[in-house]
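All residue numbers refer to positions in the sequence shown, counting from 1.
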Amino acid sequence: LKSLSSLQALILKGNPMGSTSIPDDGFDGMKALMILVLSNMNWHGPVPESLGKLRNLRVLHLDGNHFNGSIPKSFRDLRSLSELRLNDNGLIGSVPFDREMVWRMKRKLRLNNNSGLCYDASSGLGDSMDSTFDLGISLCDTSNPGSVRTVQHLSATQKLMPVTSDAVEALTSWSLGLTTFVLFFYN
């Protein structure tokens, strides 16, 4: 694929490739690429860093695969991107987008149904979301450096309640061995 330097659109949606990963340099030579749709293809592994080098990319669909790890930081440099679907994967970590990029994509940005995507409070991303706009991600909780990163889920109608250390200790000992633990408090 690297030699297809004039290719502008590559749409392979729904063509399962087995349990395959995309090489990190798999898109290095495709400088003219504007549309890339690789949805529901059974891709595994990390999202290739080389996608962040495709400066002409306007549409990128990687939804419905088995990507893991974080969204490459180079994605913040995709200034032409107007539609991004990363939903229904196993992505984790902080989303590298700023408020401007989210507003440009608006409802064409889909991040829901991932293992643990979140946004940093300093990014301004939370300021750009209202009750009608749900990216499927929440605020990263970095209040305890060195601990496992957790995601704090909020909605417009929820109030945060303090959690006692006794409750956390009891839940921690009970939840050992679980890979995902969700805790809801209702008042």
| note | Nearest heavy-atom approach of L81 to M105 is O-CG, 3.8 Å
| side-chain hydrogen bond (donor to acceptor under 3.5 Å, both in side chains) involving N113 - partner list, sequence neighbours excluded | D88
| How would you list, by chain and number, every residue that makes a side chain to side chain contact (heavy atoms under 4.5 Å, CB included) with V59, sequence neighbours excluded? | I35, H61, E83
| request: Would you check if the side chain of N112 reaches a backbone N or O of N87 as a donor-acceptor pair within less than 3.5 Å? | output: no
| query | Between P72 and P96, which heavy-atom pair has the shortest distance, and what is it? | reply | O-CG, 3.6 Å
| task | Determine the minimum heavy-atom distance between L91 and N68, stating which atoms define it. | result | CD2-O, 3.8 Å
| message | Looking at N114 and L86, would you say the former's side chain and the latter's main chain have a donor-acceptor pair under 3.5 Å? | response | yes
| task | Could you list the residues that satisfy side-chain hydrogen bond (donor to acceptor under 3.5 Å, both in side chains) with E49, not counting sequence neighbours? | result | S74
| remark: Note: S5 and A32 closest approach over all heavy atoms is O-CB, 3.4 Å
| Which pair of heavy atoms, one from P48 and one from F27, lies closest together, and at what distance? | CG-CE1, 4.3 Å
| task | Identify, with sequence neighbours excluded, every residue that meets side chain to side chain contact (heavy atoms under 4.5 Å, CB included) alongside S82. | result | R58
| query | When you measure from the side chain of N65 to the backbone N and O of N89, does any donor-acceptor pair fall under 3.5 Å? | reply | no
| request: For L51 and L62, work out which heavy atoms get closest and say how close. | output: CD1-CD1, 3.8 Å
| remark: Hits for side chain to side chain contact (heavy atoms under 4.5 Å, CB included) against D28, two or more places apart or cross-chain, chain-then-number order -> K2, D25, S50, K53
| message | Quick one: does any side-chain atom of D77 pair with a main-chain N or O of F75 as donor and acceptor, under 3.5 Å? | response | no
| query | Among all residues two or more places apart in sequence or in another chain, which pass the side chain to side chain contact (heavy atoms under 4.5 Å, CB included) test with K13? | reply | V37, S39, N40
